[in-house]
Amino acid sequence: MLPPAEAESGSGVYNAKLGMWVFLASEVMFFTALIGSYIILRFGNPEQWAQPGQVLNVPVTAVNTFLLICSSVTMVKAFAAAQHGDQRWLRIWLLATTFIGASFVGVQAYEYLQLAHHGFLPSGYREGHELAEAAAQGGAFKGGPALPASVALYGATFFTMTGFHGFHVTMGVICMSFVTWRAFRGAYSAADHRGVEVIGLYWHFVDLVWIILFTIVYLI
Amino acid sequence: MTQAKSHRPNYIGIFVMLALLTLVELGVAFLTVFSKPVLILLLIGLAVWKALLVALYFMHLRFETNRVRILVIAPLPLAVIMVMAVITEYVW
């Protein structure tokens with residue numbers, strides 16, 4: 001029996017890439033739902049939000065933002081190396097991307113632990129802890145009672161948005177490890193490096209989402 | 001297979017630009033020069049600028065076929081409608 005004839009791509013791109021773009025389009029709506037909810041909650045309850053830098057550690061997050069930008073450039077360099085069939089640099093750049101991506105997750109875990117340690121949780125501030133005091137002195141809670149239950153929105157939205165993003169980065173690191181392992185086995189060539197391109201699209205999208213989240217959650 | 005791409009953006013240049021824009025964002029956010037609405041507009045403008053750089057050059061949208069571009073642009077109006085719809089809750 002003859003193998004089936006190769007189907008012609010109607011969109012002009014190969015299936016995996018088309019699939020990734022469709023997936024990313026759905027991800028746009030996913031993160032828009034989170035950001036939309038954040039906006040409506042913040043507009044409706046401005047007194048619950050602390051000033052930028054008062055509760056959240058902006059310097060640490062700025063470093064993390066820089067890490068993610070670095071990982072995007074190492075990813076795109078890996079893609080360029082794959083286009084040229086340069087196996088050595090493909091592996092080096094992929095390893096670097098995986099390592100920097102994992103570092104981002106590590107720094108985020110550290111940030112969460114620090115916030116929890118100082119009393120900022122998804123359920124709100126822990127009464128009596130220093131971040132609750134700092135936020136109260138800095139003008140948060142103005143016009144509202146300074147009870148932990150009343151400030152749950154800030155913590156809940158912060159941990160939900162950054163948590164889902166962190167989950168995406170974690171998944172990206174796992175997939176990137178797989179692509180890196182395949183690269184070490186010589187799976188990609190100048191003629192066919194689809195896996196590198198597709199994981200790259202996902203990776204840059206995650207970077208792009210962080211760019212928006214960093215501004216909305218940490219700076220505004 | 002993979003489309004042959006003759007376009008090679010200056011990736012390091014884009015990276016430097018992204019890093020600089022991040023520094024500008026931090027500066028703008030913590031300078032007490034701007035009023036809150038101006039600050040928000042500036043910060044969102046800078047974030048959109050950075051996001052566009054990533055999408056156009058790192059994700060190669062600038063060099064993609066129109067069909068792919070349409071696929072990418074399609075959810076954006078829906079996203080704007082969704083955010084606008086929830087914001088109107090506080091306008092009316």
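Letters A, B, ... are given to chains in the order of the sequence lines, protein chains preceding strands, and every chain is numbered from 1.
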(request) Would you please classify the geometry between the A:Phe104 ring and the A:His165 ring as parallel, tilted or perpendicular, with 30° and 60° separating the classes? (result) perpendicular
With distance as the sole criterion, is a donor-acceptor pair present between the side chains of [X] and [Y] under 3.5 Å?
{"X": "A:Tyr38", "Y": "A:Thr160", "answer": "no"}
{"X": "A:Arg194", "Y": "A:Tyr14", "answer": "no"}
{"X": "B:Glu25", "Y": "A:Tyr218", "answer": "no"}
{"X": "B:Thr22", "Y": "A:Thr65", "answer": "no"}
{"X": "A:Thr97", "Y": "A:Trp203", "answer": "no"}

(message) Closer than 4.0 angstrom, basic N to acidic O: yes or no for A:Arg88 and A:Asp86?
(response)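 A:Asp86 and A:Arg88: not salt-bridged.
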(message) Check A:Glu47 with A:Arg42, please: is the shortest side-chain N to carboxylate O separation under 4.0 Å?
(response)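 Here A:Arg42 does not pair with A:Glu47 in a salt bridge, since their nearest N and O are not under 4.0 Å apart.
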Choice from [options] maximising heavy atom contacts with chain B below 4.5 Å:
{"options": "A:Ile69, A:Val28, A:Ile35", "value": "A:Ile69"}
{"options": "A:Gly44, A:Ala62, A:Gly53", "value": "A:Gly44"}
{"options": "A:Val58, A:Ile216, A:Leu24", "value": "A:Val58"}
{"options": "A:Leu208, A:Thr32, A:Val76", "value": "A:Val76"}

Under 4.5 Å from any heavy atom of chain A - which part of [X]:
{"X": "B:Met82", "result": "side chain"}
{"X": "B:Ile70", "result": "neither"}
{"X": "B:Ile44", "result": "both"}
{"X": "B:Ala51", "result": "both"}
{"X": "B:Ala85", "result": "neither"}

Using non-hydrogen atoms only, which part of [X] is less than 4.5 Å away from chain B: side chain, backbone, both, or neither?
{"X": "A:Phe31", "value": "neither"}
{"X": "A:Ile220", "value": "both"}
{"X": "A:Ala16", "value": "neither"}

(request) Find out whether A:Met75 and A:Met176 are in side-chain contact, i.e. whether some heavy atom of one side chain is under 4.5 Å from a heavy atom of the other. (result) yes
(message) Using a 4.5 angstrom heavy-atom cutoff, name the option from B:Val48, B:Val72, B:Ile14 with the most pairs to chain A.
(response)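 Counting heavy-atom pairs under 4.5 Å, the top option is B:Val72.
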